[in-house]
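This report refers to the structure that appears directly beneath it.
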Amino acid sequence: MRYGRRWLSGGANNQFVPRELMMLNDPRAEMIAAAQSFYERGWMVGTAGNLSARVDDGSFWITVSGKDKGALTPTDFIRVDENGSVLEK
């Protein structure tokens, strides 16, 4: 950690993720790290693919369409309930 944030390596797309995401039950920081790793290995190319994670309240964080998976930020996700209704953008 550095200055309350965790450094995620992503080649030319290195970025900081707010500590708040790291401390809450919010999987976006790990999803960003996974996407960067998959992108670097060639498993996720450009805007292809999708990531999602279920959280304890039964809702899901999912990547929005059209975003480069090698350069995701916390704002590139939405949270939906089990019926697909958007809870958070």
*How far does OH of Y39 sit from CE of M44, to the nearest 0.5 angstrom?*
12.0 Å

*Side chain proximity check, P74 to D76, heavy atoms < 4.5 angstrom*: no

_Using a 4.5 Å cut-off between side-chain heavy atoms of Ile, Leu, Val, Met, Phe, Trp and Tyr, which other residues end up in the same hydrophobic cluster as I62?_
F60, V64, I78, V80, V86

*Heavy-atom distance under 4.5 Å between the side chains of K69 and F38, does that happen here?*
no

*Is T63 reaching over with its side chain to a backbone N or O of L51, donor-acceptor style, under 3.5 angstrom?*
yes

*Just one of K89, E88, R28 clears the side chain to side chain contact (heavy atoms under 4.5 Å, CB included) bar with F77, so which one?*
R28

*Where do V55 and P27 come nearest, in terms of heavy atoms and distance?*
CG1-CD, 3.5 Å

*Go through the steps to decide whether S59 and D57 satisfy the test side chain to side chain donor-acceptor pair (under 3.5 Å), and finish with yes or no.*
CA-CA 6 Å; S59 65; D57 67 0; 2.6 Å; yes

*Do K67 and L72 come within less than 4.5 Å of each other through their side chains, counting heavy atoms only?*
yes

